[in-house]
Peer 1: 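Mind having a look at this structure? Questions to follow.
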Amino acid sequence: MSNEQPPNDDEQAAEYQRADASRFPTTPAGQEAAIEGALTAGTFEQIADELNRRRVPVSRPTAALMTDMVELFGKYERETAAARAAQGDTNPYDLAPYEDVHGVTNEYDAARASDDPRALDVFLDNLAEDFHLDDVRALRTASAAVQAAMGRIALAAREKGMSPDRIGAETGYTASRITQFIREEKQRRAANSLIQYTWRIDIQDLDGTWLDDEFGDNAAAPADLPRLAEDLLTATGAHDKRARIFVWTAGESAYAEADAVYTAERDPQ
């Protein structure tokens with residue numbers, strides 16, 4: 001029977017240090033810095049995993065206090081999720097859905113700003129270990145989605161009273177780019193807003209005379225006018241004759257042909 005005793009926390013720390021000196025925090029200051037970095041990880045499980053990954057020994061007073069704090073965070077998270085579930089939230093544990101992204105961003109910024117020349121390499125090594133190939137694709141796709149939604153995001157913030165300068169500062173864009181996003185989003189909304197239109201379809205008689213055939217009103221987005229006109233021309237009668245359509249914005253003109261906002265013709269069918 002062996003009398004060998006299991007290693008204590010200090011011995012385990014020394015073993016980790018020898019195995020991977022570039023990553024293990026060897027001094028109290030380094031361990032406290034590792035704990036502070038772990039706090040950026042986010043939720044209860046993420047913080048605990050980050051502490052384990054950074055190999056912070058729990059024997060130190062600071063680490064013991066951190067352990068107590070993590071337990072309190074976990075309790076708060078569970079209680080908050082329970083309260084949200086009671087209110088009908090179908091995903092109560094999704095307290096901060098993009099916290100992981102913020103964690104990566106904060107650690108990256110901290111590594112780049114660090115006085116330690118190895119900090120950035122250590123961070124990138126850890127990131128390479130943590131990320132799978134499908135994670136990279138997901139983040140790239142998410143980045144493209146955010147870019148596509150930026151007009152909506154910027155305009156929503158502007159409508160809440162935020163200035164382009166502040167929106168730019170918080171999103172990492174220049175104020176002029178934010179202004180462009182807002183302008184493009186307003187144009188998109190205007191193009192997709194339903195407007196009431198009045199239309200008239202004429203049929204060309206055998207002698208070349210145009211005769212009024214049908215009138216009507218329809219609501220449509222400006223971008224959909226070509227499709228609306230095509231559908232109306234297709235649906236009209238006298239398919240063996242040439243037909244044309246004039247479309248006006250309802251109530252904004254005397255419906256003169258020159259004032260039409262859209263016109264189209266259909267050949268005999």
Side-chain angles (χ1 to χ4, degrees), residues 90-91 97-98 101 133-134 136-168 170-269:
T90 58
N91 193 13
Y98 303 111
V101 178
L133 295 180
D134 57 345
V136 175
R137 178 177 181 178
L139 278 179
R140 288 171 58 87
T141 303
S143 176
V146 170
Q147 177 70 18
M150 198 55 222
R152 295 169 170 84
I153 296 170
L155 183 56
R158 188 74 182 95
E159 290 173 344
K160 293 178 181 177
M162 295 178 65
S163 68
D165 286 333
R166 181 181 171 189
I167 299 170
E170 295 196 14
T171 58
Y173 287 100
T174 63
S176 60
R177 186 70 178 100
I178 292 298
T179 300
Q180 182 180 357
F181 279 134
I182 293 173
R183 182 174 61 252
E184 291 171 352
E185 176 60 14
K186 287 182 176 179
Q187 293 171 348
R188 186 194 69 83
R189 290 188 183 184
N192 291 325
S193 298
L194 293 182
I195 297 175
Q196 194 69 24
Y197 293 101
T198 297
W199 51 268
R200 187 191 81 212
I201 292 179
D202 300 338
I203 299 296
Q204 191 175 45
D205 204 356
L206 294 177
D207 62 1
T209 304
W210 287 100
L211 304 175
D212 297 349
D213 186 67
E214 293 183 51
F215 297 86
D217 295 282
N218 283 82
D224 290 336
L225 281 181
R227 184 173 59 184
L228 173 64
E230 182 181 356
D231 291 344
L232 291 171
L233 285 171
T234 300
T236 192
H239 286 246
D240 59 336
K241 297 180 180 180
R242 190 172 187 82
R244 68 183 182 184
I245 186 171
F246 294 92
V247 182
W248 299 271
T249 303
E252 291 192 1
S253 74
Y255 304 127
E257 294 177 1
D259 296 331
V261 297
Y262 188 83
T263 62
E265 292 190 11
R266 186 207 67 193
D267 292 328
Q269 298 177 348

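All values reported here derive from a predicted model rather than from experimental measurement.
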Peer 1: Please assess Arg244 against Glu257 for the test side-chain contact (heavy atoms from CB on, under 4.5 Å), listing each intermediate value before the final yes or no.
Peer 2: CA-CA 11 Å; Arg244 68 183 182 184; Glu257 294 177 1; 3.5 Å; yes
Peer 1: Could you tell me whether Arg188 and Glu184 have a side-chain N and a carboxylate O separated by less than 4.0 Å?
Peer 2: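 Salt bridge between Arg188 and Glu184, a charged N being under 4.0 Å from a carboxylate O: no.
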Peer 1: Which residues satisfy the side-chain contact (heavy atoms from CB on, under 4.5 Å) test with Ala219, sequence neighbours excluded?
Peer 2: Gln196
Peer 1: With the side chain counted from C-beta on, respond yes when Glu214 and Asp202 share a heavy-atom pair under 4.5 Å apart, and no when they do not.
Peer 2: no
Peer 1: With side-chain contact (heavy atoms from CB on, under 4.5 Å) as the test, would you mind laying out the steps for Leu211 and Gln204 before giving the verdict?
Peer 2: CA-CA 6 Å; Leu211 304 175; Gln204 191 175 45; over 6 Å; no
Peer 1: Give a yes or no answer on whether the side chain of Ser143 reaches the backbone of Leu139 with a donor-acceptor pair at less than 3.5 Å.
Peer 2: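 Not a single qualifying donor-acceptor pair exists.
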Peer 1: Please check: side-chain N/O of Asp207 versus main-chain N/O of Thr209, any donor-acceptor pairing under 3.5 Å?
Peer 2: yes
Peer 1: Among residues at least two apart in sequence or on other chains, which ones pass side chain to side chain donor-acceptor pair (under 3.5 Å) with Tyr197?
Peer 2: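 Tyr197 satisfies side chain to side chain donor-acceptor pair (under 3.5 Å) with no other residue.
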Peer 1: So do the side chains of Asp240 and Pro268 get within less than 4.5 Å of each other, counting heavy atoms only?
Peer 2: no
Peer 1: Enumerate the residue pairs fulfilling side chain to side chain donor-acceptor pair (under 3.5 Å) with a member in residues 149-162, sequence neighbours excluded, ordered by first and then second residue.
Peer 2: Glu159-Arg189
Peer 1: Does Asn218 have any side-chain contact (heavy atoms from CB on, under 4.5 Å) partners at least two apart in sequence or in another chain, and if so, which?
Peer 2: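 Asn218 satisfies side-chain contact (heavy atoms from CB on, under 4.5 Å) with Trp199, Leu228, Leu232 only.
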Peer 1: Thr174: which residues meet the side chain to side chain donor-acceptor pair (under 3.5 Å) condition with it, sequence neighbours left out?
Peer 2: Ser176
Peer 1: Could you pull out all residues at least two apart from Tyr173 that satisfy ring pair (Phe, Tyr, Trp, His ring centres under 6.0 Å)?
Peer 2: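 Tyr173 satisfies ring pair (Phe, Tyr, Trp, His ring centres under 6.0 Å) with Phe181 once adjacent residues are dropped.
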Peer 1: If you take all heavy atoms of Pro222 and Pro226, which pair is closest and at what distance?
Peer 2: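 Closest pair (atom of Pro222, atom of Pro226, distance): O-CD, 4.3 Å.
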Peer 1: Could you tell me which residues satisfy side-chain contact (heavy atoms from CB on, under 4.5 Å) with Gln187, sequence neighbours excluded, listed by chain and number?
Peer 2: Arg183
Peer 1: I'd like to know if the side chain of Asp165 pairs up with that of Ser163 as donor and acceptor (distance under 3.5 Å, no hydrogens or angles considered).
Peer 2: no
Peer 1: Restricting to non-hydrogen atoms, name the atom on Ala264 and the atom on Ala229 that form the minimum distance, rounded to 0.1 Å.
Peer 2: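 The answer is CB-CB, 4.5 Å.
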Peer 1: Going by side chain to side chain donor-acceptor pair (under 3.5 Å), name the residues that satisfy it together with Asp134, two or more places apart in sequence or in a different chain.
Peer 2: none
Peer 1: For side-chain contact (heavy atoms from CB on, under 4.5 Å), just list the numbers for Thr263 and Ile245, CA-CA rounded to whole Å, side-chain angles, deciding distance to a tenth of an Å, and then say yes or no.
Peer 2: CA-CA 6 Å; Thr263 62; Ile245 186 171; 5.9 Å; no
Peer 1: In Å, rounded to the nearest 0.5 Å, how long is the span from CZ of Arg177 to CD1 of Ile182?
Peer 2: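 So the gap between those two atoms works out to 11.0 Å.
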Peer 1: Check side chain to side chain donor-acceptor pair (under 3.5 Å) between Thr198 and all other residues, then give those that pass, not counting sequence neighbours.
Peer 2: Asp217
Peer 1: At their closest point, which heavy atom of Ala154 faces which heavy atom of Ile167, and how far apart are they?
Peer 2: O-CD1, 3.6 Å
Peer 1: Holding to salt bridge (charged side-chain N to carboxylate O under 4.0 Å, His left out), I want the full list of residues that pass it with Glu265, two or more places apart in sequence or in another chain.
Peer 2: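 Per chain and number, Glu265 pairs via salt bridge (charged side-chain N to carboxylate O under 4.0 Å, His left out) with Arg242.
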Peer 1: Within this structure, what is the OH-CZ distance for the pair Tyr255 and Phe215, rounded to the nearest 0.5 Å?
Peer 2: 11.0 Å
Peer 1: Take Lys186 and Leu155 through the test side-chain contact (heavy atoms from CB on, under 4.5 Å) and record every step on the way to the result.
Peer 2: CA-CA 8 Å; Lys186 287 182 176 179; Leu155 183 56; 3.9 Å; yes
Peer 1: Test: salt bridge (charged side-chain N to carboxylate O under 4.0 Å, His left out). Region: residues 225-236. Which pairs qualify, not counting sequence neighbours?
Peer 2: Asp224-Arg227
Peer 1: Between Val247 and Arg200, is any pair of side-chain heavy atoms under 4.5 Å apart?
Peer 2: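 With C-beta onward as the side chain, the pair stays apart.
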Peer 1: What's the separation between atom CG in Asp267 and atom CG in Leu233, rounded to the nearest 0.5 Å?
Peer 2: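 Result: 10.5 Å between the selected atoms.
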Peer 1: Please report the interatomic distance CH2(Trp210) to CG(Asp205), rounded to the nearest 0.5 Å.
Peer 2: 11.0 Å
Peer 1: Quick check: closest heavy atoms across Ala243 and Ile203, and the distance to 0.1 Å?
Peer 2: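 The pair with the smallest heavy-atom distance is CB-CD1, 3.7 Å.
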Peer 1: Looking at side-chain heavy atoms only, is the closest gap between Trp248 and Asp259 below 4.5 Å?
Peer 2: yes
Peer 1: Can you name the side-chain contact (heavy atoms from CB on, under 4.5 Å) partners of Leu133, sequence neighbours left out?
Peer 2: none
Peer 1: How close do Leu194 and Ala221 get, counting heavy atoms only, and between which atoms?
Peer 2: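 Scanning both residues completely, I find the closest heavy atoms to be CD2-N, 3.6 Å.
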